[in-house]
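Working notes for the structure below.
Just so we're on the same page: letters track the sequence lines, and every chain starts at 1. No experiment lies behind these values; they were computed from the predicted model shown.
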Number of protein chains: 2
Amino acid sequence: MSLITSEKTIERLSLYRRILMRLRDDGETVVFSHQLAVPAGITPAQVRRDIMNLGCNGTPRSGYRIKELLTGITEVFDTPQSQRAILVGIGRLGLALLAHFSGRWRWLHIHAAFDSDPAKSSGVISGCHCYPVDQLAVVVREWNIGIGIITVPANAAQSVADQMCAAGVTGLLNFTSVRLNVPRSVFVENVDLTASFEKVAYFARRHEAAGVTG
Amino acid sequence: MSLITSEKTIERLSLYRRILMRLRDDGETVVFSHQLAVPAGITPAQVRRDIMNLGCNGTPRSGYRIKELLTGITEVFDTPQSQRAILVGIGRLGLALLAHFSGRWRWLHIHAAFDSDPAKSSGVISGCHCYPVDQLAVVVREWNIGIGIITVPANAAQSVADQMCAAGVTGLLNFTSVRLNVPRSVFVENVDLTASFEKVAYFARRHEAAGVTG
DNA sequence: GAGTGTGAAGGCCTTCACAGCT
DNA sequence: AGCTGTGAAGGCCTTCACACTC
């Protein structure tokens, strides 16, 4: 299996996989680099290099075999057993993510959800058991949870991250607008929705003002 | 006013602003580059360069004046009137975003929400009027909407984007896992949650396996 | 002829390193 | 002594360009 270290390459592979599945479902069996490049919004050269990194190859005449690419990408992402995650912060965003993504993938299972509010931290939501946040460490250790999803308010984020790291999580998906201070052994992916909104507002205005055409 | 063209710089300015507001609320009046760098998770040199791009400057002895930085960043992001956005796709994610971000900022107002399902496309949600999606163009033109937020299922994304672009939107915030084909006069910010999940799962596993310490 | 595979070039962003300032 | 401001260097990622293949 190839070892891909670039975050950007991983993001693109995830995207290619979804495009490839759509092509496959449409009955296609082979694909050219430009057929991936256009829906991915990048250049064919980039696609070819990513596929090279992946360790697959194609032929000039007929391109790449979709099945082979999907197998290659799946090898990168898949695990023997599905990975387990927990979500902390059963607010509106947490609930939406649970509803949207719980049970959606074979390879990632959101095992439990936590909240500091007793009113939210019991019962089952979207097939996911809810617990008080003080049980976090116990559950992480008992179930060997590797991934934590943080949807708490900003002021609780670091404390929650500390607890998860101490309990042995190795990846965090951080939806707060705080940058977490964690050991280097833990990978953090920040999804900063506030920044995304501000960014699109800024560039929308710039494009409007400039009447950008090129 | 300085014209910042780098997307990454804009993202960091958004982050600096939130850190600065917290410092200000804590009673601080000045700040050194490293005091911004640590909570932002970057290097002091990067902070200084961003501030340089912003057109502010500090003094070796006392650093930067927080008020001046906030004014500078606000000048970048703020508009005379608040910018108007619409959201299309009143599903779980759309609802969560409305609840989370509607009325949250002075500079961005989510003016209306749309859905193709008649059951969802009436009434008021989180202070936001809901309409059938076929009224999209009319509302965008009438209210001079500049920003569109797309939270529809993947197969409807391109069609919704086309309608918004035709009606004159200049910025899109795309939460689907499809890359949109839009005129170059429209800015698109992709928030690909599926890719984020796959990315954190991949690197969590890598860190776990490698026992990364450096 | 059209597309792949890839070394080399290019571009953008980040970091270094140090002069200048207080 | 310690921090800012910034030219220069470095690194990473993307794109070019073309030999190679079918």
Base-contact (B) and sugar-phosphate-only (S) positions in nucleotides 13-22 of chain D, heavy-atom cut-off under 4.0 Å, - elsewhere
SSB-B---BS

Thr170(B): what forms a side-chain hydrogen bond (donor to acceptor under 3.5 Å, both in side chains) with it, not counting sequence neighbours?
none

Non-neighbouring partners of Thr9(B) that pass side-chain hydrogen bond (donor to acceptor under 3.5 Å, both in side chains), sequence neighbours left out
Ser6(B)

Tell me, which pairs form a salt bridge (charged side-chain N to carboxylate O under 4.0 Å, His left out) where one or both residues lie in residues 80-103 of chain A, sequence neighbours left out?
none

Summary of salt bridge (charged side-chain N to carboxylate O under 4.0 Å, His left out) pairs that have at least one residue in residues 93-109 of chain A, sequence neighbours excluded
Asp78(A)-Arg106(A)

Which residues pass the side-chain hydrogen bond (donor to acceptor under 3.5 Å, both in side chains) test with Glu28(B), not counting sequence neighbours?
none

What residues in residues 25-36 of chain A put a non-hydrogen atom under 4.0 Å from any atom of DNA chain C?
Phe32(A), Ser33(A), His34(A)

Between dC12(C) (P) and Glu11(B) (CD): distance, integer Å
17 Å

Do Gln163(A) and Ser159(A) have a side chain donor and acceptor closer than 3.5 Å?
yes

Residues in side-chain hydrogen bond (donor to acceptor under 3.5 Å, both in side chains) with Thr59(A), at least two apart?
Ser62(A)

Would you mind reading off the distance between Arg65(B) atom CZ and dC3(D) atom C1', rounded to a whole angstrom?
17 Å

Would you kindly give the CG-to-P distance between Asn57(B) and dT6(D), to the nearest whole Å?
8 Å

Listing, residues 149-158 of chain B side-chain donor-acceptor contacts under 3.5 Å, not counting sequence neighbours, or none:
{"unit_1": "Thr151(B)", "atom_1": "OG1", "unit_2": "Val88(B)", "atom_2": "O", "d": "3.1"}
{"unit_1": "Thr151(B)", "atom_1": "OG1", "unit_2": "Gly89(B)", "atom_2": "O", "d": "2.6"}
{"unit_1": "Gln158(B)", "atom_1": "OE1", "unit_2": "Asn181(B)", "atom_2": "N", "d": "3.0"}
{"unit_1": "Gln158(B)", "atom_1": "NE2", "unit_2": "Asp162(B)", "atom_2": "OD1", "d": "2.8"}
{"unit_1": "Gln158(B)", "atom_1": "NE2", "unit_2": "Asn181(B)", "atom_2": "O", "d": "3.0"}

